[in-house]
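Taking it in order: structure first as structure tokens, then the write-up.
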Amino acid sequence: MAKRIKSLHTDLFDEAVAEFCHAARAVALTGAGISVESGIPDFRSPGGLWSVFQPDEFATIEVFLHAPEKAWKLYRALGETLIDKRPGAAHQALADLEKAGRLQAVITQNIDCLHTKAGNRNVIEVHGEHQHLHCLQCEFQRPFKHADLADGPVPRCSECAYPLKPNIVLFGELVRDLQRIEQLLDQTDLLLVIGTSAQVYPVASFPYTVRSNGGRIYEFNTEETGLTPTADFFVRGKAGTTVAAFVHAVLQHEG
Ligand code: NAD
């Protein structure tokens, strides 16, 4: 049963901080919620992209292969939300934690590259990233350009004219780096789960892998999720406030 932390000025919060300081190999798992305060909406909240673009109608690899212009409708709407965005306080806090040697890696479902921009070096982007387009036919790759978001024909490969695909994982495609992640999780003794509804598999299973190896789970979210009953601590609130305060307290605690 999770210990629920509703205020950052409680003994329970101090207990979570103190326990974290005993972890030898902590890892963070992040989702769309960590980037909401950077101005990138998540998908599932009311008004999010999934309410306009049904995933099975726009976001599958089959749709891209048979009707790329449809997949590009979603990508253009998503791309508009991603350009020129900057890391927030929670991204920055995770970068500070890694720099202090207290975080092994960030596994993120986000495609916005904000962890790398914040300065984290060991980032695993399971669902890819939005800054490149690639060709499924000849493997040509080029950086994404602002002009790619303008309405019009689907961008095509300059080598073979096949429709270019954003370097992001669509439903029906394999997530990236699964083997590396499994090795990492097998050694993880504490997982910070931040801003994810923990519904998209296989990522949703990662906390349970850590749990079954005896690791601890700390969840940071504005609302409870299916994972909450399994977590050791649930910290309610916006990641920019809660994660930043948590990391600050950890780094102070360690002197
Ligand atoms: P999700 O939309 O399913 O869930 C977001 C979670 O974040 C929710 O549980 C919500 O309560 C929580 N949340 C919202 N605002 C928060 C805040 N300020 N602080 C803390 N928590 C907050 O997101 P998901 O679980 O990451 O799955 C969605 C999929 O869509 C992922 O695969 C992801 O790649 C993709 N996506 C990525 C981005 C991005 O790159 N920034 C944005 C939208 C969706």
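When a ligand or atom number is given, it counts from 1 through the structure's own listing order.
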Within-cut-off N or O pair, [X] and ligand 1, under 3.5 Å:
| X | value |
| --- | --- |
| Glu37 | yes |
| Gly31 | no |
| Pro41 | no |
| Phe43 | yes |
| Ala32 | yes |

Sub-4.0 Å heavy-atom approach of Gln199 to ligand 1: no
Cationic N near anionic O, under 4.0 Å, Asp148 to Arg142: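 Salt bridge flag = yes for Arg142 with Asp148.
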In terms of side-chain geometry, is the basic nitrogen of Asp232 or Arg211 positioned less than 4.0 Å from the acidic oxygen of its partner?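 Arg211 and Asp232: salt-bridged.
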Let me know which of Leu74, Leu170, Val154 forms a side chain to side chain contact (heavy atoms under 4.5 Å, CB included) with Phe64. Leu170
Please determine which of Ile61, Leu133, Leu65 meets the side chain to side chain contact (heavy atoms under 4.5 Å, CB included) test together with Lys165. Ile61
What verdict does the side-chain hydrogen bond (donor to acceptor under 3.5 Å, both in side chains) test give for Glu219 and Thr228, after you've listed the backbone C-alpha separation in whole Å, the side-chain angles of each residue and the deciding distance to 0.1 Å? CA-CA 7 Å; Glu219 186 182 28; Thr228 307; 2.7 Å; yes
Hey, do the aromatic rings of Phe246 and Phe20 have their centres closer than 6.0 Å?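 Ring centres of Phe20 and Phe246 closer than 6.0 Å.
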Heavy-atom contacts under 4.0 Å between [X] and ligand 1: side chain, backbone, both, or neither?
| X | result |
| --- | --- |
| Ile40 | side chain |
| Ala90 | neither |
| Ala239 | both |
| Val36 | side chain |

Atom indices of ligand 1, in the order listed, that fall short of 4.0 Å to a heavy atom of His127: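 Those atoms are 31 (C), 32 (O), 34 (O).
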One finds that the ligand 1 atoms under 4.0 Å from a non-hydrogen atom of Lys238 are 18 (N), 19 (N)
Closest protein heavy atom to atom 10 (C) of ligand 1, given as residue, atom name and distance to 0.1 Å: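 Result for atom 10 (C) of ligand 1: Asn221 OD1, 3.4 Å.
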Would one find more than 12 heavy atoms of other residues, nucleotides or ligands at under 6.0 Å from atom CD of Glu80?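 Atom CD in Glu80 is crowded, with more than 12 foreign heavy atoms closer than 6.0 Å.
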Between the candidates Ile34, Asn110, Ile168, Val126, which shows the shortest non-hydrogen contact distance to atom 37 (C) of ligand 1? Asn110
